[in-house]
Peer 1: 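Have a look at this one.
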Amino acid sequence: MPPAQNAVNGVSNGNGHNNNAPAGFQRVGNGSAPLNTKNPYQPVGDFLSNVGNFKIIESTLREGEQFANAFFDTAKKIEIAKALDDFGVDYIELTSPAASEQSRADCEAICKIGLKAKILTHIRCHMDDARIAVQTGVDGVDVVIGTSSFLREHSHGKDMDYIAKTAVEVIEYVKSHGIEIRFSSEDSFRSDLVDLLSIYRTVDKVGVNRVGIADTVGCASPRQVYDLVRTLRGVVSCDIETHFHNDTGCAISNAYCALEAGATHIDTSVLGIGERNGITPLGGLMARMIVADRDYVLSKYKLHKLRDLENLVAEAVEVNIPFNNYITGFCAFTHKAGIHAKAILANPSTYEIINPADFGLTRYVHFASRLTGWNAIKSRVEQLNLDLTDTQCKECTARIKKLADVRPLNVDDVDSIIRQFHANVKEGAIDKPLSIPAGVDSIMAEVPEEASTRESVFKKQMQDVNEDAARCC
Ligand SMILES: CC(=O)SCCNC(=O)CCNC(=O)[C@H](O)C(C)(C)COP(=O)(O)OP(=O)(O)OC[C@H]1O[C@@H](n2cnc3c(N)ncnc32)[C@H](O)[C@@H]1OP(=O)(O)O
Ligand SMILES: O=C(O)CCC(=O)C(=O)O
Ligand SMILES: [Zn+2]
C-alpha cells in the first residue's frame, strides 16, 4: 500500500466510528446519542422528525418510465426491480397497469418474483383503474388525482366533491382486497390549503394507509414543504409520502425538509429520472441522509451497490452519469487545490462530509496542475517509492508548477518530472534543467477547448491514476 494511503486511512475521528466523519458526529433521533455531544451537522430535529427513520418508495419503474428517453422491456424492468430490491428500497412503484397491455403484464410478472420490497402500482383516482390494479398481485396501490385549479380545470375537469367521493370509493374497494392504499393530491403546492386538508382528513378517516403530497411542477421551496407537511402531520394519523420534482433544483432539500417535518416516505428514482428533469434522485437522497443519520442509512441500504444501480439505469435510458453527480460523479471525491490536498492527506474529514468508502468508492488527490502544492507532490513521491527531502519536494513542485503554467499536465508528465528530478538529485545535479516530458506536446495537441472534452481527458487521467495504484486511499 503506498504511504499516502496509510496517511489517510490512519486518521481517527475520535468518535468511535471508523468513518472519517467530523469529530463529535453523533446519531440523532434514536435515543442512543449522548445528549451532551454537539454535532454541528446534526439535523434540526424534534419528536416528529423522521430524518432517522424514513422509507423509500422507489419510482424508477413508474416516474422513471416517464423520462423522455426511457423504454424498459420486461427483462430490463425485472433486472432493475431486482437491483433496487437488492439495494434495499422499501417499495418499488410500477407504471399503471391501465397504461397498456404490456404494462399490466410486466406489473404481474414483477409481483411474481417474490422480492423483499413491497410492489406498488400507480393509478388514477378511478374505479376502472382500481379494478385492473387489484388483479395484478401488487402489495399496494398509489392513487393520485390533481387538486390544483390548473389540473381540476384542464386535466380531469372534476370538482373537490367528486374527487372526495371517488377517492373514498376507490380506497374502500382496494382495502376490501386486503391491499395497501395511498391517496395523493397531484400539484399539492398549487392547491387550496383548505381543500387539501379537507380531502386528506376524509381519506384518513376511511383508513387510507398513506397520504401523499406531490410537488408536481417542482415549484415548492423547502420552507413551504416544511410548513405543509407539518400542518398535515397535525391533521392525519396515517403515514405521509412526499414526491418532489426538480424543476427549480430543490428536490433533495425538499425531501429532507419533508422528513424533518414528519413525512414518513420519500419518492425517488435512480439518477432522478422522470417527467421533465425528474425527481429526487436516489443517490442524492442517500448523500443527504448519510450525513444526517449514517447508522440508519448503513443499516438499511447497500450503498456500495449504488454505482452499479446507476450504471444499469443510465445504460438502459442511454444517458451518461453527470460529472457532478452526487457520490458517483467522476470527480465527487477528487481533491485538487494544494491547500485541500494537504489537509485531505492529513485527515479526509477536513474537506469531505461523506466517506467514499461507505459507497465502496475511493478518494483521489489530483496533483497534475498548477494548483498543486508540495504536500501533494511529496505524497506522490512516496507513492513512487522515491526519497526526496521536503526541501527537494518543494523545489520539484516549483518545477511542476512552472510547466503546468504553460500547459495542462497529466499524471505521466508529473511522474516523469519527479523521476527526472530525483535522478538529478541522486547524480548531484539538482540544478540541471528538466527536459519537457515526452508526450506533453502531443497531449496538448489532443486537448481541445470544449469543457466536455477536457472532462474526458481528465477522466482518462484519473483512470491512469487508478491503474497506477496512485490512490490516495
Ligand atoms: C403527475 C403524474 O405523473 S401522474 C401519472 C401519470 N401517468 C400516466 O399518465 C400513465 C400513462 N398514461 C396512459 O397510459 C394514459 O394517459 C391513460 C391510459 C392513463 C389514459 O389514457 P386516455 O384514456 O387515452 O386519456 P389521456 O391520456 O388522453 O387523458 C387522460 C385522461 O385521464 C383523466 N385523468 C387525468 N388524471 C386523472 C386522475 N388523477 N384521476 C382520474 N382521471 C384522471 C383525464 O380526464 C383524461 O380522461 P378523458 O380523456 O376522459 O377526459
Ligand atoms: O402520486 C403521486 O404522489 C405523485 C404523482 C406524480 O408523479 C406527480 O405529481 O408528479
Ligand atoms: Zn412526478
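Numbering starts at 1 and runs along the sequence shown. In this text, all values refer to a predicted model and were calculated from it rather than measured experimentally. Whatever order the structure lists ligands and atoms in, that order sets their numbers, starting from 1.
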Peer 1: Sort by chain and number the protein N/O/S atoms found under 2.8 Å from the Zn ion (ligand 3).
Peer 2: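 Those protein N, O or S atoms (cut-off: under 2.8 Å from the Zn ion (ligand 3)) are Glu63 OE1, His243 NE2, His245 NE2.
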
Peer 1: Please check: side-chain N/O of Thr264 versus main-chain N/O of Ile240, any donor-acceptor pairing under 3.5 Å?
Peer 2: yes

Peer 1: Among Lys118, Lys300, Lys55, exactly one meets salt bridge (Lys or Arg N to Asp or Glu O under 4.0 Å) together with Asp90. Which residue is that?
Peer 2: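 Exactly one option meets the salt bridge (Lys or Arg N to Asp or Glu O under 4.0 Å) with Asp90, and it is Lys300.
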
Peer 1: Run the side chain to side chain donor-acceptor pair (under 3.5 Å) test against Arg131 and tell me which residues pass, sequence neighbours left out.
Peer 2: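 By the side chain to side chain donor-acceptor pair (under 3.5 Å) rule, Arg131 matches Asp128.
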
Peer 1: Can you tell me if Glu58 uses its side chain to pair, donor with acceptor, with the backbone of Val270 under 3.5 Å?
Peer 2: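 Present.
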
Peer 1: Would you call the rings of Tyr200 and Phe183 parallel, tilted or perpendicular if under 30° counts as parallel and over 60° as perpendicular?
Peer 2: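 Perpendicular: the ring planes of Tyr200 and Phe183 meet at over 60°.
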
Peer 1: Any sub-3.5 Å donor-acceptor pair from Thr121's side-chain atoms to Thr95's backbone N or O?
Peer 2: yes

Peer 1: Kindly indicate whether a cation-pi arrangement holds for Arg307 with Phe333, taking the cut-offs as under 6.0 Å to the six-membered ring centre and within 45° of the axis.
Peer 2: no

Peer 1: Counting distance only, does the side-chain N/O of His245 pair as donor-acceptor with the main-chain N or O of Gly278 below 3.5 Å?
Peer 2: yes

Peer 1: What does the contact table look like for ligand 1 (nitrogen or oxygen on each side, cut-off under 3.5 Å)?
Peer 2:
from, atom 1, to, atom 2, distance (Å)
ligand 1, 3 (O), Arg62, NH1, 3.4
ligand 1, 3 (O), Gln66, NE2, 3.0
ligand 1, 32 (O), Arg124, NH1, 2.8
ligand 1, 39 (N), Val144, O, 2.8
ligand 1, 40 (N), Cys125, N, 3.1
ligand 1, 45 (O), Ser155, O, 3.2

Peer 1: Using ring centroids (six-membered ring only for Trp), state whether His156 and Tyr162 fall under 6.0 Å.
Peer 2: no

Peer 1: Do Asp239 and Arg182 sit within salt-bridge range, that is, some charged N less than 4.0 Å from a carboxylate O?
Peer 2: no

Peer 1: Per the side chain to side chain contact (heavy atoms under 4.5 Å, CB included) rule, which among Val144, Val143, Ile145, Asp129 passes with Arg124?
Peer 2: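 Testing each of Val144, Val143, Ile145, Asp129 against Arg124, the sole residue satisfying side chain to side chain contact (heavy atoms under 4.5 Å, CB included) is Asp129.
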
Peer 1: Does the side chain of Val170 reach to within under 4.5 Å of the side chain of His126, using non-hydrogen atoms?
Peer 2: no

Peer 1: At a 4.0 angstrom heavy-atom cut-off, what protein residues surround ligand 2?
Peer 2: Arg62, Glu63, His122, Val144, Arg182, Ser184, Glu186, Ala214, Thr216, His243, His245

Peer 1: Under a 3.5 Å distance rule, please check whether Thr280 uses its side chain to pair with a backbone N or O of Ala251 as donor and acceptor.
Peer 2: yes

